[in-house]
Structure formats: structure tokens, C-alpha cells
Amino acid sequence: MQKLIGIKKINIAVLISGNGTNLKNLIKHSRKKHAKFRITLVISNNLSAKGLDHAKKFKIKKKIINYQNNQNAEKDLLNELYKSKIHLVCLAGFMKILSSNFIKKFKGKIINIHPSLLPKYKGLNTHQRVLNNNEKYSGCTVHYVNSKLDAGKIILQKKVKVFKNDTYKGLSKRILKQEHSLYPKALNKVISNL
Ligand code: GRF
């Protein structure tokens, strides 16, 4: 990784697998007057990810990575990140696990958003597990990515109340809304510490 001193805007790659509402929201923030970052690359492992439409709409370079073989996929991924001179990688609903070897190459420069109050509810199906356990609160977390799943240092978190008789749909919608305000804040925090 190159030194970031003197760079006016940070080049971000956003990695997605699905809807890409966080991607869309980060794009919106990157277009604000005093934004400290620009999104110059969108990567998906899934050719039919809906989020790719946002890249198209905003004319952002997009790449599909074939994940049939993990090692080759990560080689391609790394190559794309280097080619586009990416400084920071934002995972936003990216459903593949990055190897520790890959993470080492972008050490401290990969962040992720997770829909729970980490360290609680790592992994998948967070909202359903939260509801099953009658939790009073859930939320979302932006954290650095390290070699353990959803276990890197927490950057920012937002608590969301779980209502009595809450539904998966209702809870996930309310948390996603908070994700959209949390991710840009966390990203700016990371950038100011670079
Ligand atoms: C979000 O809930 C995020 O926390 C999780 O995957 C979901 C992605 O949503 N990692 P979207 O694709 O950004 O709409």
C-alpha cells in the first residue's frame, strides 16, 4: 500500500453481492461538496447483483469477480484494486470471506458493515436470531476486517430498539436505515485517521 499523505481524495472500492443500498448511499455521500473520498470501483462476485445498477447509473467502473476458485478470485480482486489505485476497501453486503493472506495485503484498509451490535451476532441471519432471543436492542456496526469473521476493531456502532412483536422485515428495514447514516460517518472517521 502506498502512503496516503498529500492525497486529496481517497479512492474507494466497494464490494457487493446483492442490493447495494449501502453502495448507493456511499455514492451519494461521495458526491457531496467536501467529500473526502470518491468511489472509483465497484466489485461484485455476483453478476446479477442489483447493486451493479448503481455503478452503471453513476458511471463507476465495475468488475465481476468469478469466485469458482477462491485463490484465483482473490488474485483477480487484488489486481483490480491495484490497477485502480484503491486506498480503502468498503465491504457492503459482500458475501465472500476474504482470506487472511488477502487481508494482510490491505492491512487496516478494509472495513465492513454488519447488521448487529458486534461482538454479538456475528455471521448470517442476525435479525432472525435477535428476534428469536427476544433481545431488547440490536443495531449495526462498522468495523475493520481482520482474519476472524466480523471480529475486527469496531469503528462505530448504532443501537436500534427491537419492539415487542417486531418482525424480520420491520427490524431489518429500521437497521438498514441506520446503516445508511452510520457507514459514511465511519468511513470519514477512518479517513481522518489515515
Ligand atoms: C446490510 O444489512 C449489511 O449490513 C450486510 O449486508 C446488507 C447489505 O445490504 N453486511 P445492501 O446490499 O447494502 O442493501
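Both counts, for ligands and for their atoms, begin at 1 and track the order of listing. Numbers here simply count residues along the sequence, with the first being 1.
In summary, of the residues considered (Lys61, Lys62, Lys85), a side-chain contact (heavy atoms from CB on, under 4.5 Å) with Leu41 occurs for Lys61 alone.
The closest donor-acceptor contact from the side chain of Thr126 to the backbone of Tyr121 lies at 3.5 Å or more, if one exists at all. Side-chain N or O atoms of Lys189 include one that pairs as donor or acceptor with a backbone N or O of Ile155 at under 3.5 Å.
At a 3.5 angstrom cut-off on N or O pairs, Glu179 counts as close to ligand 1. Some N or O of Ile113 is nearer than 3.5 Å to an N or O of ligand 1, by distance alone.
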Checking Asn46 against Ser17 for the side-chain hydrogen bond (donor to acceptor under 3.5 Å, both in side chains) test, could you report, in this order, the C-alpha distance in whole Å, the side-chain angles of both residues, the deciding distance, and whether it holds?
CA-CA 5 Å; Asn46 170 14; Ser17 300; over 6 Å; no
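Using 4.0 Å as the threshold, Gly20 has a heavy atom nearer than that to some atom of ligand 1.
Nearest protein heavy-atom neighbour of atom 6 (O) of ligand 1: Gly93 CA, 3.4 Å. The protein non-hydrogen atom at the shortest distance from atom 9 (O) of ligand 1 is Asn22 ND2, 3.9 Å.
In the vicinity of Asn19, heavy-atom distances shorter than 4.0 Å reach the ligand 1 atoms 12 (O), 14 (O).
A salt bridge is absent between Lys63 and Asp76; no separation between the charged side-chain nitrogens and carboxylate oxygens falls under 4.0 Å.
His87 has its side chain out of reach of Phe106: every pair of non-hydrogen atoms, C-beta onward, lies at least 4.5 Å apart.
Of the listed options Ile16, Thr21, Leu176, Thr21 places a heavy atom closest to atom 14 (O) of ligand 1.
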